[in-house]
Structures are given as structure tokens and as C-alpha cells.
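What you see is a predicted model, and the numbers here were worked out from it, not measured in a lab. By convention in this document, chain letters (A, B, ...) are assigned in the order of the sequence lines, proteins followed by strands, and residues within each chain are numbered from 1.
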Protein chains: 2
Amino acid sequence: MQKNKISSAVVRRLPKYFRFLTNLENEGVEKISSKQLSEITGFTASQIRQDLNHFGGFGQQGYGYRVTELKNSIADIIGLNKEYNVVIVGFGRIGRAIYQYKGFDTKKFNVIGVFDLEEGTYDEGKIEIKSIDKLESFLEKNDVDIVVLGVPKNEAQKICDMISGKNVKGIWNFAPTNVEVEGDVAIENIHLSESLYSLIFYMSNPEHY
Amino acid sequence: MQKNKISSAVVRRLPKYFRFLTNLENEGVEKISSKQLSEITGFTASQIRQDLNHFGGFGQQGYGYRVTELKNSIADIIGLNKEYNVVIVGFGRIGRAIYQYKGFDTKKFNVIGVFDLEEGTYDEGKIEIKSIDKLESFLEKNDVDIVVLGVPKNEAQKICDMISGKNVKGIWNFAPTNVEVEGDVAIENIHLSESLYSLIFYMSNPEHY
DNA sequence: TAGATTGTTAATCGATTAACAATC
DNA sequence: TAGATTGTTAATCGATTAACAATC
């Protein structure tokens, strides 16, 4: 019954399509062809059509795609029209940066808890930081969708062990280590130093860039 | 004369090899086979050998690889044994997080300048924040290898236009937009919302995870 | 020498690109 | 209708995996 898995290459392009289409919408563009989208995104027109057709036919032959309609369809596919309860674990530099990140719609991403080794408050008492000791019971009592992991690498796996069986659906991991969690939990890693090291590789080896 | 380009898939695995080998070294492990490394990393033994052999033969038939030696070789390949002068442009949440990020060796990454719209100081006067107006002349007078872009998306391309022709070798871009720069400059993007959106896609569509 | 494991070539698999029939 | 552009199948390309000879 299960359809073929969407390859991760396609999944990584979906947010890019969403971003470019949002820009086009803001510029007031109403229609776009795969050829035009190709020029903007750098992907081939063929690839764009292939990608979209994994999820359905959003275009009109001879015409192209309606920008707003396609943008909204992609938002639905990704799941951007739902709300998510988020907990930030580890309130160091990265946890704080994520807390205040303005890049995504904060109506959809409710940070309902912030945890760190040290209890306390932050931002003139506006943020209550709870002890990590209380994370497990918090996850049991609240409907947490996403855990943002901003703890040191030694702590990351311990937190993930707490998470399994708590109905958490995704982990956004900033710790520089691979974590595992039991059950149906998606994990997305941001490994900053790996990204920097890739950059340095290309700087050191420009013939491969 | 130019050899075949190393594929980006390989380049992205190099920092992972480096990370796992560093861990192994710290644990006191002296030798490792591609099969053992496969179990640790999740890559196939075949792939690991293929990847390494793009850069030379680092192993010994019948024996395996010496951990420290291989780790050092990979560091050399990536370019981790050199020093880099870094400038941070945009000192908001992300710029600050990167400034204080402890994940990479700060001896090798000298932050020699921090720029923002507003001049000032930070961290009890320890950090001087210069006006972005002065960035261009700073780049001319100093040998800057890497520019970290932590500005809003509308500003990002303007900064990149300043950068071309200034001997900058790499841009680490955190702005949620694609930037371009003339000349032989490597660009590495960290698109936080795209990463989050991928996570949400898999949360919403677990059958594709 | 025998066993182990690399380095490397060949086979397979999957993703991208090209082509074109369908159709607006 | 003619022109344009999608949706989709087929061809190509590149990356991964398998196999094995080389050799420590």
C-alpha cells in the first residue's frame, strides 16, 4: 500500500520551492512555468516537474503553475499549515538563537518550554528556564511535537533516551553528534562544524568546487 | 590536468569521518577497519574505502587504518591544519552564536572583525562592533579568509557584492536566501528554516522517513 | 604461509535529464 | 486551431554497492 519513498533529495528541495514561491508571491507574480522557475532556482525544469508530480499535478498544461496555489500546496505537503509545540533543551548560545529566531512563523511554532541544567529566568523574566530534571515529566504532561536539542554532545543521547515513548514527533539536533531515538521520531541534524569544514574543504581545494 | 571533481556527497562525508575518527582517537583506539568504521558511521565499508581512495591509500592491506594517521590525513585534506581569519557580518542572534561557538578550534579560527549596522561594543567591551560601512575597506586592508553572513536576507547580497575581488575565499551564509559572488569564492549555506521544514515534512509524512 | 583487509574494477541502483504525448 | 507547457515515460548519468585481485 505504501507508495515509494520520496527521496531525501526531493524533500530537501521542497522548502526551497516554498521559499522561492513565497518570494514570487510577495512580488505579485501570479503564474510561473517550470522553465521560469528553473531560471530562478537553478534546478532543471524537468526536475521541478518531476519533483512536484510526486505529490500530484499542480499545474495546467499549456499554462504553467499558479504561484499562490502551488505555494499553498507545498506548504500543505510539508506540513506548514499546522501548529507545533516546541521545547528547547539546552539554553546556551544555540538554544537562545533558536528561541529568538525570526525566520519562521512563531504563531505556528509555540515554544512551550525551555530547559537547561541551571534553572532561572531570562530576558527580564519573560522566559522561565526549567531544570532538565523536569523534562521527562513535562513531556508526559504536555503535547510536545518538536524537541530542539542545543545541549553539549555528551548530553544529547541522554535527552533522546528520555524522549522515546513521549509522543514527540521530531528532534532538531544541534549537538555535534549522531543521536538515536526509539520509535517513530524524525531527526534532523544541524552540524555546524561539518558545514564549516565542508566550506574549508572547498576553500582549500577550489578545483573541486 | 584537473582530476575528476570530488562529488559533494563525498565532501559532506569527510567531516563526519573526521568527527568519528577524532572520537575513536580520544577513546584510545589505534586501528580500525573499514568494516568497523562502517558499523560506527552507518556508511558501507565499500563506500568508506571508495571515499578515502579518492585522496590516496591511507590503509594497509590485511590490517586496516591507523586511527590517528587517518584522522590527520583527513584534517589535511579538508584544510583543518591551517589558520583562518574570519569576519562576522551581522551581529544578531546568529552572529553572536557563531562568535561564541565552542565547537571548533578557536586557535585556527581568528575572528578579526565583527560588523553590524550599529557600531558599539559587546561582552563588557571585549568585542568591538564596527559599522558595516567600514567592511569594504577592512577587507582591503586585512587578509580575511572567511566571511560569516548573519544579516537579514535583504542585506545578504549587498554584502556579497562588497566581497568580490577582496581575496575572501569562503562565505558561510546564514541568511535565508541564495547569494552569489564573483570570483573563486566558495559559499556554504546554513538555511535553518529549510532544515526545520524538512524535519516537519518527515513528521507530517512519516511513511517517507 | 594463511587470514585479513585494502585498493580498485565491475555491476547495480537510483536520481537526473531528455523526450514527447496529452491537453489546456 | 496553434502554441505552450504540463505530466509522464524512457534514456542517461552518476553514485553506491559488490566483488575480487593485490598484498600486508
Side-chain angles (χ1 to χ4, degrees), chain A residues 2-17 20-21 24 29-71 73-74 77 198 201 207-209, chain B residues 2-17 20-21 24 29-71 73-74 77 198 201 207-209:
Chain A
Q2 143 134 39
K3 284 186 224 152
N4 289 330
K5 263 196 195 179
I6 302 293
S7 80
S8 72
V10 176
V11 174
R12 310 238 146 246
R13 283 192 293 271
L14 289 176
K16 293 184 191 291
Y17 294 135
F20 286 111
L21 288 163
L24 287 165
V29 178
E30 287 184 5
K31 70 143 279 195
I32 194 148
S33 68
S34 57
K35 184 142 175 286
Q36 293 170 307
L37 209 44
S38 163
E39 281 154 20
I40 295 171
T41 62
F43 306 130
T44 64
S46 200
Q47 182 166 63
I48 292 167
R49 295 202 300 278
Q50 282 272 27
D51 283 354
L52 297 177
N53 281 102
H54 281 117
F55 303 100
F58 302 107
Q60 205 174 338
Q61 276 148 325
Y63 176 82
Y65 302 87
R66 290 179 205 283
V67 171
T68 299
E69 201 180 296
L70 182 57
K71 189 211 76 172
S73 299
I74 291 175
I77 291 162
S198 297
F201 174 85
E207 72 274 20
H208 293 302
Y209 188 64
Chain B
Q2 146 134 34
K3 284 185 228 151
N4 289 329
K5 263 197 197 179
I6 303 293
S7 79
S8 72
V10 176
V11 174
R12 309 237 147 246
R13 284 193 292 270
L14 289 177
K16 294 186 191 288
Y17 294 135
F20 286 111
L21 288 163
L24 285 166
V29 178
E30 288 183 5
K31 71 144 277 192
I32 195 149
S33 68
S34 57
K35 182 142 175 284
Q36 293 170 307
L37 209 43
S38 163
E39 281 153 21
I40 295 170
T41 61
F43 307 129
T44 65
S46 201
Q47 182 165 62
I48 292 166
R49 293 201 302 276
Q50 283 271 28
D51 284 354
L52 297 178
N53 281 102
H54 281 116
F55 303 99
F58 303 106
Q60 204 174 339
Q61 277 150 324
Y63 176 81
Y65 302 87
R66 289 179 206 283
V67 170
T68 300
E69 201 180 297
L70 181 58
K71 189 212 77 173
S73 299
I74 291 175
I77 292 163
S198 297
F201 174 85
E207 72 275 20
H208 293 302
Y209 189 64

OG1 of B:Thr44 to CZ of B:Arg49, rounded to nearest 0.5 Å, is 8.5 Å

Here the distance between atom P of D:dT5 and atom CD1 of A:Ile48, to the nearest Å, is 14 Å

Exercise for review: Report yes or no: is there a donor-acceptor pair, N or O only, under 3.5 Å between the side chain of B:Gln50 and the base of D:dT17?
Suggested key: yes

Here the pair of heavy atoms bringing A:Tyr17 nearest to A:Gln47 is OH-O, 4.2 Å

Rounded to whole Å, CG of B:Asn53 lies from C1' of D:dT16 at a distance of 15 Å

Whole-Å distance, B:Arg66 CZ to D:dC24 P, equals 13 Å

Between the NZ atom in B:Lys31 and the CD atom in B:Gln60, the distance rounded to the nearest 0.5 Å is 9.5 Å

Distance below 4.0 Å between B:Ser34 side-chain N/O and C:dT6 OP1 or OP2: yes

When rounded to whole Å, the CZ to P distance for the pair A:Phe58 and D:dG7 reads 9 Å

To the nearest angstrom, the CD-C1' distance between B:Gln47 and D:dA18 comes to 13 Å

Considering just the side-chain nitrogens and oxygens of A:Arg49, establish if one lies under 4.0 Å of OP1 or OP2 belonging to D:dT6. yes

Closest of C:dC24, C:dT6, D:dG7 to the A:Gln60 side chain is C:dC24

Between the CZ atom in A:Phe20 and the CZ atom in A:Arg13, the distance rounded to the nearest 0.5 Å is 12.5 Å

Whole-Å distance, A:Arg12 CZ to C:dA15 C1', equals 16 Å

Think A:Tyr65 has a side-chain N or O under 4.0 angstrom from the OP1 or OP2 of D:dG7?
yes

(Q) On the side chain of B:Gln61, is there an atom forming a donor-acceptor pair with the base of C:dT6 - under 3.5 Å, no angle test? (A) yes

hbond_proxy A:Ser46 side chain to C:dA18 base (donor-acceptor, 3.5 Å cutoff): yes

Of the listed C:dT16, D:dT5, C:dG7, the closest approach to the A:Ser33 side chain comes from D:dT5

The Watson-Crick or G-U wobble partner of D:dT12, with both key distances under 3.5 Å, is C:dA15

Closest of C:dA19, D:dT16, D:dT6 to the B:Arg13 side chain is D:dT16

Partner of D:dT23 under the Watson-Crick or G-U wobble criteria, both distances under 3.5 Å, comes out as C:dA4

Correct closest heavy-atom pair for A:Ile74 and A:Leu14 would be CG2-O, 3.8 Å

Comparing nearest nucleotides in DNA chain C, the 5'-proximal residue of the pair A:Gly62, A:Asp51 is A:Asp51

Separation of D:dA15 atom P from B:Asn4 atom CG, nearest Å, is 10 Å

B:His54 NE2 to D:dA15 P, in whole Å, measures 8 Å

